[in-house]
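Throughout, a chain's letter reflects where its sequence line sits, starting with A, and its residues are numbered from 1. As the structure is a prediction and not an experimental result, all values here were calculated from the model. Atom set for the values below is all heavy atoms of this structure, side chains included, hydrogens, waters and symmetry mates excluded.
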Amino acid sequence: MALLTITSPHTVSNTSVQKIMLTVWAATLPGFLALVVFFGWGYLINAILAVTTALVAEAVIVRLRRRPVWTCLSDGSAMLTAWLLALALPPFAPWWVTVVGVLAAIVFAKHLYGGLGHNPFNPAMVGYALLLISFPLEMTTRWATPDALLLDGHSFYIAWTAVFGDLNPLQIDAFTMATPLDTYKYDIAALTQAEVLQQGIFAKGYRAYGWEWVSLLYLIGGVVLIFRKVITWHTPVALLLTLSVMALLFSWDGDTRVPLSLHLLGGATMLGAFFIATDPVSSATSNRGKLVYGAGIGLLIYVIRTWGNYPDAVAFAVLLMNFAAPLIDYYTRPRAYGENTNQREGL
Amino acid sequence: MWGFTRAGKPRKNGEGQTYWTLPGSVHPPENKTQSLVNAIQAMPLVREYVVPLNQHIGAFALPCVDVGQHVLKGELIAEAAGFISAPAHAPTSGEVIAIEERQVPHASGLTTSCIIIRADGKDQWRPREPWDDLQSHRVADILARVQRSGVTGLGGASFPTAVKLSSDRDHIDTLIVNGTECEPYITADHSLMRERAAAVYAGINVVDHLYHFNRILVAIEDNKPDAIVAMRQAIPDHLKERVEVRTFPTRYPSGGEKQLIYILTGREVPSGGLPLDIGMLCHNVGTLAALSDAVFHDEPLLRRITTVTGEAVARPGNYDTLIGTPMRELCRVAGVNTDKADRVIMGGPMMGFALPHTDLPVVKATNCLLIPTGTELPLPGVAQPCIRCGLCEQACPASLLPQQLMWFAQAKELDKAEDHRLFDCIECGACAYVCPSNIPLVQYYRAAKGQIRQEQAEHKQAERARVRFEARQARLDREAAEKEAKRQERAAAAARANAAKLAAAASDSTDVSDAVERAKSKHPDKPTAATPPALTTEQLTAKLSNLTGRVAKAESKLAEARADAPEQVKALETTVNKLQEQIKKVQADLARAEEQN
Ligand code: SF4
Ligand code: SF4
């Protein structure tokens with residue numbers, strides 16, 4: 001018999017990159033469905049557009065880099081990047097915004113750095129940040145009000161025209177200027193908390209109506225990922241804890257600043273904590289490192305949201321901590337079995 | 001530095017015993033029941049046995065039989081060469097038909113000198129001299145008997161047991177009996193504990209007699225309930241107080257010596273150290289049973305239990321196999337269907353290595369032959385890029401950063417790899433097991449370790465060459481100095497003779513002083529006496545300290561050479577002696593000079 005002489009281990013567990021990516025994707029689905037239910041078809045249109053663009057862009061660039069196209073496409077990473085970006089974009093963002101964002105993520109943030117596993121920055125957040133800086137108008141005025149699907153102005157037709165046509169958003173009731181976080185932040189300067197909560201975006205007596213459900217579903221999806229050991233708890237827990245502590249310290253008075261509940265449930269916090277900050281490629285690697293990394297993101301989210309000019313800070317916080325990840329890794333290397341850390345150089 | 005402790009923490013098992021959880025570790029499918037259906041079966045005699053001369057860590061044994069000689073079972077056929085070495089014995093009675101190079105089971109397809117014995121079918125023992133007790137024998141005799149028996153660790157590393165047992169006896173208070181057997185598929189130790197628990201305790205007795213342990217921890221994973229029961233029931237009365245059979249959840253690689261110590265005691269063996277550094281001694285159950293056979297029954301290590309298993313095996317089970325049995329015979333007896341198999345793995349699926357073919361002898365380390373079908377253990381897919389998912393790190397029982405190590409190994413940044421504790425990697429493969437990108441991580445570590453070792457060897461060699469060069473230089477200098485001294489002596493003698501002649505002539509001539517002056521002027525700058533110019537006290541002191549330095553250096557080199565370059569020992573000894581003579585001379589000079597002052 002012709003025997004194979006390969007090295008150990010001769011058995012591998014049942015994981016694959018594809019499975020991991022698909023699991024992460026599946027974990028976002030409940031939140032995504034809630035987005036579509038509360039905010040209309042725009043999210044679905046965007047997501048399909050983004051994923052298609054990503055797959056085409058990935059195929060082309062992988063071809064140019066002379067790598068096996070099918071292997072790269074089937075690992076699911078390009079799809080997931082585009083998907084996460086689509087979840088973060090305003091639902092009525094014009095089509096070209098989505099396309100530009102996805103191209104920036106796949107071509108620049110991922111492949112120009114050497115492809116999967118080599119990108120120092122989270123590709124989806126690079127795309128998002130680029131769009132926010134380049135097209136602030138489109139990025140901040142294309143949000144939808146939460147309402148029942150297909151009632152009012154939430155028809156597929158409107159979403160379609162908003163994305164592909166040249167609908168002026170300001171003429172349509174269903175559009176809002178910004179996310180709840182943003183609205184609260186600017187209105188609280190002049191109004192009381194009770195008055196702010198009268199706004200349409202906070203309608204039906206809930207805070208951040210719709211967003212709460214989406215965030216909670218992301219949270220559940222994230223917890224599932226932790227239990228399935230796709231991600232560890234360290235980054236999200238550190239992130240949420242730090243953000244909470246900051247909010248409790250500086251936002252205890254809801255009449256002056258955005259309160260904790262809105263920080264946690266009113267923006268991209270949960271999406272960021274469980275699906276963006278946990279991107280393994282660009283984050284810190286050791287468990288201790290992840291604690292520091294997550295805490296850094298939580299801190300930055302609060303700081304940028306409160307004292308900065310950008311409506312939602314997740315993208316910038318993540319990118320800034322991407323910068324710090326190698327340094328964090330250096331200082332948080334776990335102590336190996338039997339190692340006496342006092343002997344370690346430079347520490 | 002952040003004040004965190006290791007991931008592991010003490011817990012209680014179902015019976016209230018404490019154990020520490022390993023950080024990381026994995027739980028691959030166990031696949032142990034197949035080979036446990038039947039009791040241990042004796043492998044029948046075969047026609048020919050191939051006994052390799054190096055089945056252990058350490059030096060090759062030296063053959064002490066001739067081709068054509070008839071040997072009896074258990075007869076010594078190769079002597080241990082040096083301290084870390086083990087002898088070899090005839091596995092059965094028969095004729096030595098060859099001593100030649102044969103391929104042996106080794107990851108690199110190595111060949112080794114082997115003694116080939118054709119069995120005469122009688123399986124006739126050499127005379128044996130059983131012992132009933134240990135008390136009537138001296139410790140040195142017991143150790144000698146262990147050394148002569150060729151017992152090596154049967155858990156995998158094959159370290160000569162006699163060497164392990166001659167370690168310092170004062171600081172060791174705990175014996176750890178390793179019955180963990182954490183690799184999937186392998187059940188050799190399991191079946192041994194189940195069926196020969198008494199032999200294991202007899203072996204424990206031997207070691208305990210040498211060390212007088214405070215406690216003896218028998219470690220068994222909780223997936224071997226029948227072995228646990230058997231080992232508990234077999235505890236001899238006089239050991240009841242000190243023996244504890246400890247169980248803990250099944251995880252891979254809890255059977256690694258260092259991992260096991262952590263699981264049982266929460267203590268870590270210092271990096272680069274040995275269990276004895278923290279007062280522990282660790283022996284595998286198979287080794288202990290073999291030790292008992294050797295000491296009480298005067299049976300050298302001739303056989304071991306080998307698990308033959310996998311879906312391509314018709315009669316999986318544990319076979320009591322003579323060392324030297326060709327694997328193909330073992331496979332035949334176990335009913336291996338070669339058409340179904342694509343690999344034959346010696347060892348388990350996690351750390352075993354694939355053999356090129358089965359024309360190889362069973363050696364002391366052959367705990368398992370795993371012959372899986374392609375569907376049973378599918379080949380890993382093509383390696384994909386690392387997505388830094390960190391699963392490898394979560395799995396690493398040594399708390400290393402496997403992916404970083406892999407990057408460093410790939411980029412040949414070997415110093416960084418070392419700094420990230422490459423050498424604390426036990427090559428357990430847990431990281432590669434979980435890697436979703438199918439990256440053969442362990443291969444990278446093996447390659448990097450190999451490279452580093454090679455560089456170190458080269459460095460050592462360069463160092464040796466330097467020492468040799470210096471020794472040669474010193475010899476040349478010395479010879480030149482001696483020649484010069486002789487020349488001066490001859491010259492002085494000549495001058496004296498000359499002067500005497502002149503003096504004799506001067507009885508005739510009146511101008512004696514003139515003649516002497518003339519004789520002297522031949523060597524205007526040399527004193528007439530042969531003694532070198534006297535040195536001052538300071539000069540002598542300086543010379544002395546210089547010489548002392550040199551002798552210290554030479555002595556340390558000598559010690560090094562004793563360990564790994566015996567061919568240089570002679571030369572270095574001469575150097576040291578010479579230097580010491582010189583020191584004595586200078587000291588004498590110094591004493592004289594001081595007296596004069
Ligand atoms: S498990 Fe594999 S893919 Fe994941 S970080 Fe480790 S080496 Fe990279
Ligand atoms: S092979 Fe080495 S690096 Fe990988 S898990 Fe085992 S000890 Fe850790």
Side-chain angles (χ1 to χ4, degrees), chain A residues 1-21 67-68 71-72 75 77 114-119 229-232 234 278-292 329 331-341 343-347, chain B residues 1-2 4 6 26 28 107 184 258 262 268-271 273 338-339 341-345 349-357 372 377 379-382 384-391 393-394 397-401 403-404 419-421 424 429 432-438 440 442-443 446:
Chain A
M1 66 185 138
L3 293 177
L4 296 163
T5 50
I6 51 171
T7 57
S8 63
H10 298 276
T11 174
V12 286
S13 64
N14 199 12
T15 52
S16 67
V17 174
Q18 190 186 40
K19 265 191 203 154
I20 289 183
M21 298 289 172
R67 302 282 161 97
T71 331
C72 289
D75 69 22
S77 61
L116 181 61
H118 295 269
N119 45 295
K229 303 218 155 105
V230 173
I231 58 174
T232 68
H234 304 81
T278 51
D279 164 39
V281 178
S282 51
S283 80
T285 56
S286 71
N287 291 346
R288 282 202 263 151
K290 284 178 191 153
L291 287 176
V292 179
D329 278 343
Y331 282 107
T332 55
R333 203 172 87 210
R335 189 178 66 83
Y337 180 105
E339 179 185 10
N340 180 354
T341 32
Q343 295 163 351
R344 206 188 268 177
E345 251 175 76
L347 288 186
Chain B
M1 71 168 288
W2 301 95
F4 285 79
R6 268 166 78 80
V26 291
K258 296 182 169 183
Y262 182 75
E268 291 175 29
V269 177
S271 174
T338 44
D339 299 334
D342 60 0
R343 274 169 284 178
V344 172
I345 298 163
M350 297 300 287
M351 287 183 86
F353 58 92
L355 301 169
H357 49 77
L377 293 184
L379 295 176
V382 194
Q384 278 171 287
C386 167
I387 53 166
R388 308 208 338 143
C389 63
L391 288 177
E393 184 192 334
Q394 302 300 327
S399 303
L400 306 177
L401 298 176
Q403 50 151 328
Q404 260 95 325
D419 185 50
H420 277 67
R421 320 302 296 188
D424 286 325
Y433 177 78
V434 297
C435 177
S437 292
N438 296 318
V442 188
Q443 242 167 291
R446 289 203 186 108

A:Lys229 vs B:Gln394 side-chain heavy atoms within contact, under 4.5 Å: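 They are not in contact (no side-chain heavy atoms under 4.5 Å apart), so the answer is no.
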What's the separation between atom [atom1] in [X] and atom [atom2] in [Y], rounded to the nearest 0.5 Å?
| X | Y | atom1 | atom2 | answer |
| --- | --- | --- | --- | --- |
| A:Thr285 | B:Gln404 | OG1 | CD | 4.0 Å |
| B:Asn438 | A:Thr15 | CG | OG1 | 7.5 Å |
| B:Gln384 | A:Leu116 | CD | CG | 8.0 Å |

For [X] and [Y], which heavy atoms make the closest approach, and how far apart are they?
| X | Y | answer |
| --- | --- | --- |
| B:Val269 | A:Tyr337 | N-OH, 3.3 Å |
| B:Gly429 | A:Pro9 | O-CG, 3.7 Å |
| B:Glu268 | A:Gly338 | OE1-N, 2.5 Å |

Is it the side chain or the backbone of A:Asn119 that comes within 4.5 Å of chain B heavy atoms, both, or neither?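 Nothing of A:Asn119, per the 4.5 Å heavy-atom cut-off to chain B.
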Can you tell me which portion of A:Ile20 sits under 4.5 Å from chain B's heavy atoms? Options are side chain, backbone, both or neither. side chain
Go through A:Ser13 and B:Tyr433 one step at a time and tell me if the side-chain contact (heavy atoms from CB on, under 4.5 Å) criterion holds. CA-CA 6 Å; A:Ser13 64; B:Tyr433 177 78; 3.4 Å; yes
Start with the C-alpha distance between B:Arg421 and A:Arg333, add both sets of side-chain angles, then the distance that settles side-chain contact (heavy atoms from CB on, under 4.5 Å), and finish with yes or no. CA-CA 11 Å; B:Arg421 320 302 296 188; A:Arg333 203 172 87 210; 4.2 Å; yes
Is it the case that the side chain of A:Thr11 and the backbone of B:Leu377 share a donor-acceptor pair, with hydrogens and angles ignored and the cut-off at 3.5 Å?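 Here the side-chain-to-backbone pair does not exist.
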Would you confirm whether B:Arg388, through its side chain, and A:Ser283, through its main-chain N or O, come within 3.5 Å as a donor-acceptor pair?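 Side chain of B:Arg388 to backbone of A:Ser283: a pair is present.
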Heavy-atom contact with chain A under 4.5 Å, split by part of B:Ile345: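 For B:Ile345, side-chain heavy atoms alone lie under 4.5 Å from chain A.
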Which one of B:Leu401, B:Val382, B:Leu400 has the most heavy-atom pairs closer than 4.5 Å to chain A?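 Most heavy-atom pairs within the cutoff with chain A belong to B:Leu401.
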Note: vs chain A, highest number of non-hydrogen pairs under 4.5 angstrom among B:Pro372, B:Cys435, B:Pro270 is B:Pro270
Could you walk me through whether A:Lys290 and B:Glu393 satisfy the salt bridge (Lys or Arg N to Asp or Glu O under 4.0 Å) test, starting with their C-alpha distance in whole Å, then the side-chain angles of each, then the deciding distance to 0.1 Å, before giving a yes or no? CA-CA 12 Å; A:Lys290 284 178 191 153; B:Glu393 184 192 334; 5.5 Å; no
With A:Ser77 via side-chain hydrogen bond (donor to acceptor under 3.5 Å, both in side chains) - residues at least two apart: A:Asp75, A:Lys110
Any side-chain donor-acceptor pair under 3.5 Å between B:Arg446 and A:Ser8?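 The answer is yes; a qualifying pair exists.
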